Structure formats: C-alpha cells, structure tokens
Amino acid sequence: MPEGPSIVILKEEAAAFAGRTVLRVRGNSREPIQRMAGCRVLALRSWGKHFLVEFEGFSLRIHLLLFGSYRIDERRATEPRVGLDFGDGGELNFYACSVKFVEGPLDAAYDWSADVMNDAWDPAQARRKLRMQPLALAADALLDQNVFAGVGNIIKNEVLHRIRVHPESRIGGLPPRKLGELVEQAREYSFDFLRWKRAYVLRQHFQVHTRTVCPRDGQRLGYRKHLGLARRRAFFCEQCQRLYPFG
DNA sequence: TAACATGTTACGGT
DNA sequence: AACCGTAACATGTT
C-alpha cells in the first residue's frame with residue numbers, strides 16, 4: 001500500500017497520539033521495543049516511506065514494505081510486529097513491517113529536502129543528484145529514495161507517462177527542460193495521489209499503471225514485468241512516451 | 001480464487 | 001570482492 005502519500009495519511013491519522021505517553025508495548029519484533037514503554041511521543045513524522053514516532057533521544061521507524069498494515073485503536077487477529085498502547089483505548093498497531101530505531105535527533109538522521117512530500121523538498125537538489133547519474137534509466141532514477149524519497153512504482157509509471165518519457169530513457173539523455181519536468185511532476189503527482197487516495201478515487205485516476213490502453217492516443221500500452229535495475233513493473237505508451245538515449 | 005504486487009533487506013551463489 | 005538473483009515478509013487487490 002505504502003508510497004509516500006499513503007504514509008502522510010498514516011501520519012495524519014496518528015497525529016492525535018502526539019504528546020501522549022506509551023503505557024504498554026506489545027509485539028513480536030526482535031528489536032528492543034520495550035524501551036518505548038513510559039516514553040512520551042514528541043511528534044509523528046515521516047520521511048518518504050518511513051513513518052516515524054519521535055521520542056526524547058530516539059525514534060521508532062516503521063517501514064510497511066509491500067505487505068505491511070496498521071490499525072489505529074483496533075487490532076488485527078494476529079500479533080502486531082509492534083503495538084503502542086496509550087490507554088483509554090488509544091492504540092497504534094503495526095503488522096508485517098520493518099521496525100527499526102533511529103538514535104538521536106531526527107533532524108540529524110534525515111535530509112528532509114529529499115522527501116517529495118515535505119515542505120523542505122528541494123527540486124534543485126534533486127536535479128543535482130540526477131546529473132551525477134546520467135546512465136541511470138528514468139524508471140530507476142524515480143525509484144531512487146535518495147533522490148525522490150516517497151516515490152514508488154505507481155508514481156513512477158504515472159509521472160513518466162505525464163511527461164511523455166519512456167521508462168528506459170537515460171537520465172543523461174533528457175533535455176534540461178524534461179529533467180525539470182521529471183523532478184516537478186515527481187512531487188506534483190505525489191500530491192495528486194494524496195488527494196485522490198484520501199477521496200478513495202486513486203485507482204480510477206491511473207492513466208497507465210495496470211492499464212492496457214493509453215488514454216492519450218488509444219495505443220495498446222507496453223508492459224515489462226521487470227524493467228531496470230529495480231526490476232519493477234513498467235506500463236508505458238510506446239507512441240507518446242519518447243525514448244531518450246544517452247550517448 | 002489464486003496469483004501477484006504500491007518495497008526493502010539479507011542472503012547465497014558466482 | 002562486487003555483483004546478481006531470489007527469498008522473505010504474510011496483506012490487499014484483482
């Protein structure tokens with residue numbers, strides 16, 4: 001489920017726990033999760049696909065990966081990987097996810113300007129990073145969390161279609177203006193994703209992801225099961241998405 | 001309904 | 001040693 005915008009939604013749903021104290025910790029994580037018992041939540045934050053529960057001196061980092069799920073003020077039938085009990089029925093439970101602790105202040109650990117959903121997002125910085133990997137495929141570059149934290153496979157496919165760039169184009173082959181569009185739309189589409197997901201209309205707005213026909217020109221879409229170094233699914237229109245080689 | 005995927009890490013083999 | 005492919009996770013969607 002979780003690309004960056006979905007984690008923003010999680011953060012908002014959990015926002016009411018800020019300022020509250022963890023009364024009890026549950027879960028089958030092998031991390032030392034009991035350290036959170038008795039700690040007060042300073043803030044709920046996110047970086048890309050990371051969901052962060054900030055405490056004094058350390059933070060809980062949840063990554064839902066592909067199968068992860070969560071429940072707020074309810075429980076699934078199975079034991080959570082980690083569950084925080086705040087009392088009065090207030091609970092934050094995570095299942096089938098990666099659990100890690102981040103030591104020290106979050107501002108020291110994370111570069112917020114790399115998160116496409118963050119106010120501190122810095123497109124010029126992203127362009128600089130991209131220029132350093134001219135041989136990377138456009139599809140791989142969009143999935144690079146160091147450049148576009150929060151972008152996942154759906155956003156990748158939709159952005160490339162929006163800007164009419166074939167997923168196997170090389171970053172170094174993109175005209176500067178196209179590179180600018182790629183960076184701009186990585187953020188722009190992510191916010192559209194957020195808006196549509198909140199309204200439960202995300203899927204119906206997919207132009208190419210899991211589709212078979214291009215809505216722009218009616219052309220049968222291309223599909224590759226394992227494209228690029230990331231080996232992720234690619235849906236694209238050979239007709240309207242141009243291939244920019246490099247060299 | 002069974003198969004597969006919106007993701008990442010850890011292995012083992014080469 | 002660096003690289004590559006695959007398993008693992010065990011849920012939600014089609």
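Each chain gets a letter, A, B and so on, in the order its sequence line appears, and its residues count up from 1. Computed from a predicted model, the values in this text were never measured in an experiment.
Atom-to-atom, CG of A:Leu202 to P of C:dT14 comes out at 10 Å; the value is rounded to the nearest Å. Atom CZ in A:Arg211 sits roughly 15 Å away from atom P in C:dT13 (whole-Å rounding). The interatomic distance linking A:Lys197 (NZ) with B:dT6 (P) rounds to 13 Å, in whole Å. Across the protein-nucleic acid pair, A:Phe94 atom CZ and C:dG12 atom C1' stand 17 Å apart, rounded to whole Å. The interatomic distance linking A:Glu79 (CD) with C:dT11 (P) rounds to 13 Å, in whole Å. One can place CD1 of A:Ile154 at 10 Å from P of C:dT14, the figure rounded to the nearest angstrom. The interatomic distance linking A:His63 (NE2) with C:dC9 (P) rounds to 18 Å, in whole Å. Between A:Phe193 atom CZ and B:dT6 atom C1' there is a gap of 6 Å when expressed in whole angstrom units.
Side-chain contact, A:Asp217 with A:Gln219: no donor N or O sits under 3.5 Å from an acceptor N or O.
Phosphate contact (OP1/OP2 of C:dT11, side-chain N/O of A:Arg71, threshold under 4.0 Å): absent. One finds a side-chain N or O of A:Arg232 lying less than 4.0 angstrom from the OP1 or OP2 phosphate oxygen of B:dG7. Checking the phosphate oxygens (OP1, OP2) of B:dT6, a side-chain nitrogen or oxygen of A:His209 falls inside 4.0 Å. Note on A:Lys49: a side-chain N or O is less than 4.0 Å away from OP1 or OP2 of B:dT8. Put simply, A:Arg203 has a side-chain N or O that comes within less than 4.0 Å of OP1 or OP2 on C:dT14.
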| request: I would like to know whether A:Asp107 and A:Trp112 meet side chain to side chain donor-acceptor pair (under 3.5 Å); could you show each step before the answer? | output: CA-CA 8 Å; A:Asp107 288 340; A:Trp112 308 103; 2.9 Å; yes

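You'll find that the side chain of A:Asn153 is closest to B:dT6, out of B:dT6, B:dA5, C:dC9. Among the nucleotides C:dT11, B:dT6, B:dT8, the one closest to any side-chain atom of A:Ser69 is C:dT11. Taking the side chain of A:Arg231 as heavy atoms from C-beta on, and the options C:dG5, B:dT6, B:dA5, the nearest nucleotide is C:dG5.
Applying the side-chain contact (heavy atoms from CB on, under 4.5 Å) test to A:Phe191 and every residue at least two apart in sequence or in another chain returns A:Met117, A:Arg187, A:Leu194.
Each of A:Lys225 and A:Ala230 was matched to the nucleotide of DNA chain B holding its nearest heavy atom; the match closer to the 5' end belongs to A:Lys225.
If you check B:dT6 for Watson-Crick or wobble pairing at under 3.5 angstrom, you find it has no partner at all.
Using a 4.0 Å heavy-atom cutoff across all strands shown, A:Ser98 reaches no nucleic acid atom at all.
With both ends at atom P, the span from C:dA1 to B:dT9 equals 22 Å, rounded to whole Å. When the P atom is compared between C:dC9 and B:dT1, the two are found 25 Å apart, to the nearest whole Å.
Under the 4.5 Å side-chain heavy-atom criterion for Ile, Leu, Val, Met, Phe, Trp and Tyr, A:Ile163 and A:Trp121 are members of the same hydrophobic cluster.
In this structure, A:Gln185 contributes its side chain and A:Arg162 its backbone to no donor-acceptor pair below 3.5 Å.
Classification of the A:Trp196-A:His205 ring pair by plane angle, with boundaries at 30° and 60°, yields parallel.
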